**Student:** 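First the structure, then my questions, so here it is.
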Amino acid sequence: MLSIYNSLSNQKEIFKPIHEGKVNMYVCGMTVYDYCHIGHARVMVVFDIIARYLREIGYDVNYIRNITDIDDKIIQRANENGEDFHRLTARFIQAMHEDATALGVLPPSSEPKATESIEDIINLIQKLFDNGYAYHAENGDVYYSVSKFKDYGKLSGKKLEDLRAGERVGVDSYKQDPLDFVLWKTAKPNEPSWESPWGNGRPGWHIECSAMSTCCLGNYFDIHGGGADLQFPHHENEIAQSEGATGEPYVNYWIHNGFVRINEEKMSKSLGNFFTVREVLEKYEPEVVRYFILSSHYRSPLNYSDQHLDNAQHALTRLYTALRGLPVSEESDDDNSYYERFHEAMDDDFNTADALAVLFDLVRDINKIRDEDIKKATLLASELRHLSSILGLLQSDPEQFLQQLGGAIELSADEIDNMIEQRNAARASKHWAEADRIRDELKEKGVTLEDASGTTTWRRG
RNA sequence: GGCUGAGUGGCAGAGUGGCUAUGCAGCGGCCUGCAAAGCCGUUUACAUCGGUUCGAUUCCGGUCUCAGCCUCCA
């Protein structure tokens with residue numbers, strides 16, 4: 001039975017879908033004004049795993065991950081570049097898709113864009129007017145009146161008076177209450193804008209997610225996810241908007257993933273301490289990055305460093321090494337204990353770190369019996385491949401993976417094979433010094449040789 | 001200040017009221033011409049102070065420390 005930690009109740013709850021056999025899930029995606037960093041990669045990978053696992057246990061999953069393609073930062077960046085904002089966002093949407101694909105993230109069922117949802121957004125704001133939650137301020141902006149929504153703060157555990165106590169300077173005088181937030185922003189000259197009953201403008205942050213989620217999944221759906229920093233105010237405001245407009249409950253389970261950190265500090269654009277996905281992929285195989293993300297629980301902080309990536313690479317090497325030389329087989333083993341343990345781990349709030357431990361136990365058993373019972377080893381290997389596929393790991397050819405780790409090398413495969421042949425000739429005539437010289441030379445160039453059962457194989461390392 | 005969450009062995013990171021996590025690194029052994037890979041064995045743990053209990057790293061409370069949110073942020 002799957003249980004999920006729900007940010008709304010701050011505890012694990014047994015997962016029960018609204019419609020039997022079906023899961024509707026919405027995840028806040030990227031605001032596309034720059035390349036994705038590792039923090040974004042974590043969101044994509046974590047919710048990819050969640051969607052994959054929900055499917056694995058038999059749910060029909062409708063997974064929506066939106067793209068916010070209009071906001072202040074996008075406008076600002078487009079202005080800086082002197083380029084049309086649509087061109088800017090198109091570039092970064094493409095880059096995001098490239099990064100996602102590289103990391104083995106399956107495309108969501110649908111990927112709505114804010115700019116293509118303006119009509120829904122306007123309708124939603126109109127409903128908020130009808131229900132008395134919205135007001136049109138003197139400066140032309142439309143605001144949400146937070147004090148009118150009685151449940152405000154239920155997701156983030158905040159009270160209105162506490163929020164007021166911690167209030168910042170720079171209060172917007174057009175708001176009736178400093179905690180009110182903008183639903184529709186009046187356009188300044190030369191800004192992208194759309195017509196609305198409240199004049200030309202654009203959606204505020206928050207409203208687009210209420211509109212897109214409702215549009216794709218209905219008023220009330222199962223899971224809503226995103227980074228922990230979105231819990232407040234973004235998701236809190238979404239609840240206020242959606243429940244205020246529909247009068248129905250909005251979401252059953254809120255899932256928030258933890259941050260990627262650098263030196264014990266949150267990785268973020270404002271702090272400037274981020275690594276983009278593409279930067280990291282210059283140095284590490286995408287699967288290594290994926291493994292790194294899955295090696296800790298999704299709600300825990302994840303400290304980024306080269307050492308940790310190296311560690312992930314070693315671990316992944318061990319997994320692939322066990323698979324090497326064993327044929328891909330569709331047959332499965334009678335022994336279900338690994339499968340059960342794996343599912344127990346994943347059922348417990350998607351405990352990927354624990355699930356990985358099961359994989360390593362499987363690896364040990366494969367290595368133990370592969371020389372005596374190749375058939376049994378093959379069955380276990382297929383089990384390993386299957387369980388790993390749920391995590392989106394180990395789907396490459398092992399030999400190929402082990403040889404391409406760590407980027408380009410100066411030797412071609414032919415050259416390496418040549419040297420291996422020369423070395424084996426030397427070994428055959430017991431010229432150990434020459435054999436070792438060749439092996440050392442290859443080692444220096446990043447190629448490790450392994451003599452096993454009469455043949456010599458090589459890998460990066 | 002308010003609200004969350006966390007403190008586990010050399011590093012990373014799960015978990016549990018009493019029984020081996022797992023990976024990397026270290027040490028010893030087996031295997032090997034020697035290695036590598038692999039297998040076996042093995043060394044450092046549960047922030048701190050109290051409480052509950054036959055027994056707590058695990059439950060409860062206090063203390064300390066760290067991170068996050070309260071402002072754009074995945």
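Computed from heavy atoms alone, side chains included, the values below leave out hydrogens, waters and symmetry copies. Note that the structure is predicted; figures quoted are calculated from it, not measured. Labels below follow one simple rule: chain letters A, B, ... track the order of the sequence lines, proteins then strands, and each chain is numbered from 1.
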**Student:** Rounding to the closest angstrom, what is the interatomic distance between B:G38 and B:G23 at atom C1'?
**Tutor:**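 The same atom, C1', in both gives a distance of 16 Å.
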
**Student:** Considering only atom C1', compute the distance from B:C59 to B:C69 and round it to an integer number of Å.
**Tutor:**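 Straight-line distance between the two C1' atoms is 28 Å.
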
**Student:** Taking 4.0 Å as the cut-off, does a side-chain nitrogen or oxygen of A:N351 come that near to OP1 or OP2 on B:G15?
**Tutor:**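 Looking at the OP1 and OP2 atoms of B:G15, one of them is under 4.0 Å from a side-chain N or O of A:N351.
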
**Student:** For A:Q94, does the CD atom have more than 12 heavy-atom neighbours from other residues, nucleotides or ligands under 6.0 Å away?
**Tutor:**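 No.
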
**Student:** Starting at the 5' end of nucleotides 26-40 of chain B, put B wherever the base has a protein heavy atom under 4.0 Å, S where only the sugar-phosphate does, and a dash everywhere else.
**Tutor:** -------BBBBSSSS

**Student:** Considering only atom P, compute the distance from B:G7 to B:U58 and round it to an integer number of Å.
**Tutor:**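 So the two P atoms sit 11 Å from each other.
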
**Student:** Taking the nucleotide of RNA chain B with the closest heavy atom to each, which residue, A:H37 or A:N10, is nearer the 5' end?
**Tutor:**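 Counting from the 5' end, the first nearest nucleotide belongs to A:N10.
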
**Student:** Give each protein N/O atom lying under 3.5 Å from an N/O atom of nucleotides 66-68 of chain B, with the pair distance.
**Tutor:**
{"unit_1": "B:A67", "atom_1": "O4'", "unit_2": "A:R261", "atom_2": "NH1", "d": "3.2"}
{"unit_1": "B:A67", "atom_1": "O2'", "unit_2": "A:R261", "atom_2": "NH1", "d": "2.8"}
{"unit_1": "B:G68", "atom_1": "OP1", "unit_2": "A:K266", "atom_2": "N", "d": "3.2"}

**Student:** Please walk me through it: do A:Y250 and A:F221 pass ring pair (Phe, Tyr, Trp, His ring centres under 6.0 Å)?
**Tutor:** CA-CA 6 Å; A:Y250 180 42; A:F221 56 94; 5.3 Å; yes

**Student:** Atom pairs under 3.5 Å, N or O on each side, protein against nucleotides 6-11 of chain B: can you list them with distances?
**Tutor:**
{"unit_1": "B:C11", "atom_1": "O2'", "unit_2": "A:Q307", "atom_2": "NE2", "d": "3.0"}

**Student:** Check whether any side-chain nitrogen or oxygen of A:Y33 sits under 4.0 Å from OP1 or OP2 of B:C72, and answer yes or no.
**Tutor:**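 For A:Y33, the contact criterion (side-chain N or O under 4.0 Å from OP1 or OP2 of B:C72) is not met.
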
**Student:** Is A:V46 touching bases, backbone alone, or none of the nucleic acid, heavy atoms closer than 4.0 Å?
**Tutor:**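 Here A:V46 touches no strand at all.
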
**Student:** Scan A:M267 against the nucleic acid and name what it touches under 4.0 Å (heavy atoms): base, sugar-phosphate only, or nothing.
**Tutor:**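 The residue A:M267 makes base contact.
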
**Student:** With a 4.0 Å heavy-atom cut-off, tell me which residues in residues 231-241 of chain A come close to RNA chain B, sorted by residue number.
**Tutor:**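 Close to the strand are A:F232.
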
**Student:** State whether A:Y33 and A:K269 meet the cation-pi test: NZ (Lys) or CZ (Arg) under 6.0 Å from the six-membered ring centroid, and within 45° of the perpendicular axis.
**Tutor:**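 Verdict for A:Y33: a cation-pi partner in A:K269.
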
**Student:** What integer number of Å spans the P atoms of B:G41 and B:U20?
**Tutor:**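 B:G41 and B:U20 have their P atoms separated by 12 Å.
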
**Student:** Requiring both pairing distances under 3.5 angstrom, list the stems that contain RNA chain B and are made of three or more consecutive Watson-Crick or G-U pairs.
**Tutor:**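 Consecutive-pair runs (3 or more) involving RNA chain B: B:1-7 with B:64-70, B:10-12 with B:22-24, B:26-30 with B:38-42, B:47-51 with B:59-63.
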
**Student:** Heavy atoms under 4.0 Å, any strand shown: does A:K159 hit a base, just sugar-phosphate, or nothing?
**Tutor:**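 It contacts nothing in the nucleic acid.
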
**Student:** Near RNA chain B, under 4.0 Å by heavy atom, which residues of residues 99-106 of chain A?
**Tutor:**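 Contacts with RNA chain B under 4.0 Å: none.
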
**Student:** Which value, in whole Å, describes the distance between the C1' atoms of nucleotides B:U43 and B:C24?
**Tutor:**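 16 Å, rounded to whole Å.
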
